[in-house]
Amino acid sequence: MKSHRTEKLDVLLDEEKIRQRCRELGEQITRDFEGEEVHVIGVLKGAFVFLADLVRHIELDVSIDFLGLSSYGSRTESSGVVRMTSDLSIPIKGRHVIVVEDIVDTGLTMKYLLENLQTRMPQSLAVCTLLHKPANTKVDVPMNYVGFEIPDEFVIGYGLDDAEFSRHLPYIGIVRDA
Ligand code: IMP
């Protein structure tokens with residue numbers, strides 16, 4: 001697909017690489033939670049594509065819920081001020097919860113989310129993020145499953161947006177001159 005937005009992109013992770021990694025992560029989760037039910041929580045909006053691909057590789061009893069978060073800040077800099085735009089529809093008390101995120105950048109959003117979810121008394125709480133930008137870490141958060149460590153660049157596609165555009169791209173690209 002060509003548009004004025006995709007013309008300015010360098011592909012960082014193509015469809016095949018992402019597909020392969022989703023399979024590996026799904027297999028790892030399947031092994032780690034053998035014999036258990038897992039409750040997967042997707043963080044909207046960015047995680048919707050990744051979650052859909054990931055869960056199809058988890059061979060366990062899986063239930064799914066979503067919550068919406070939006071963080072204030074400029075496009076390339078997170079402020080750490082997070083707003084919950086929609087809450088879970090199912091209680092998580094006593095469940096093995098896996099939070100699925102598109103990207104952990106400074107870690108501020110994930111820290112806020114984990115503190116919030118911990119108060120609801122899940123049996124266990126794990127994090128699965130497709131991307132991690134280690135160079136930008138401000139707070140350390142536990143990440144049990146990481147798809148790819150990426151450089152400190154602004155990336156879009158496969159759920160990640162630039163001002164709400166480009167979430168639908170099947171690959172992840174770096175925006176040139178961001
Ligand atoms: P945090 O800095 O870890 O709190 O990340 C905050 C949020 O910023 C993430 O959940 C993403 O929605 C967004 N974000 C961070 N880096 C990128 C990027 O490279 N592209 C698109 N969104 C990003």
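In each ligand, atom 1 is the first atom listed, and ligand 1 is the first ligand listed. Computed from a prediction, not measured in an experiment: that's the story for all the values here.
- Only the side chain of K133 comes within contact range of ligand 1, with a heavy atom under 4.0 Å; no backbone atom does.
- L131 and V55 fall within a single hydrophobic cluster, where Ile, Leu, Val, Met, Phe, Trp and Tyr side chains are chained together by heavy-atom contacts under 4.5 Å.
- Ligand 1 is never approached by D162 to a heavy-atom distance shorter than 4.0 Å.
- Heavy atoms of E101 approach ligand 1 to within less than 4.0 angstrom.
- Counting heavy atoms of neighbouring residues, nucleotides and ligands inside a 6.0 Å radius, atom CD of E36 exceeds 12 of them.
- Taking both residues in full, the closest heavy atoms of G159 and V49 are given as N-CG2, 3.8 Å, listed atom of the first, atom of the second, then distance.
- Classification of the F33-H96 ring pair by plane angle, with boundaries at 30° and 60°, yields perpendicular.
- The atoms of ligand 1 that sit less than 4.0 Å from any heavy atom of E153 are 19 (O).
- For the salt bridge (Lys or Arg N to Asp or Glu O under 4.0 Å) test, residues two or more places apart in sequence or in another chain that qualify with R120 are D87.
- Qualifying salt bridge (Lys or Arg N to Asp or Glu O under 4.0 Å) partners for R95, counting only residues two or more places apart in sequence or in other chains: none.
- Salt bridge annotation for R19-D53: absent, with no cationic side-chain nitrogen under 4.0 angstrom from a carboxylate oxygen.
- Checked against a 3.5 angstrom limit, the closest N/O atoms of T106 and ligand 1 fall inside it.
- Close N/O approach between L160 and ligand 1 is not found [any backbone or side-chain N/O within under 3.5 Å].
- Contact between G107 and ligand 1 is present, with at least one heavy atom of the residue lying under 4.0 Å from the ligand.
- Taking a 4.0 Å cut-off on heavy atoms, K111 fails to register as neighbouring ligand 1.
- Within the set L113, T109, L12, the minimum heavy-atom distance to atom 5 (O) of ligand 1 is found for T109.
- At least one side-chain heavy atom of V99 sits under 4.5 Å from a side-chain heavy atom of L125.
- Here D161 has backbone heavy atoms under 4.0 Å from ligand 1, and that is the only part of it that gets that close.
- Ligand 1 lies out of reach of I156, whose nearest heavy atom is not under 4.0 Å from it.
- Of the options V81, N136, D105, the smallest heavy-atom separation from atom 15 (C) of ligand 1 is shown by D105.
- Taking all heavy atoms of T129, V175, I103 into account, the minimum distance to atom 9 (C) of ligand 1 is reached by I103.
- Summarising the local packing, CD of E16 is surrounded by more than 12 heavy atoms from other residues, nucleotides or ligands at distances under 6.0 Å.
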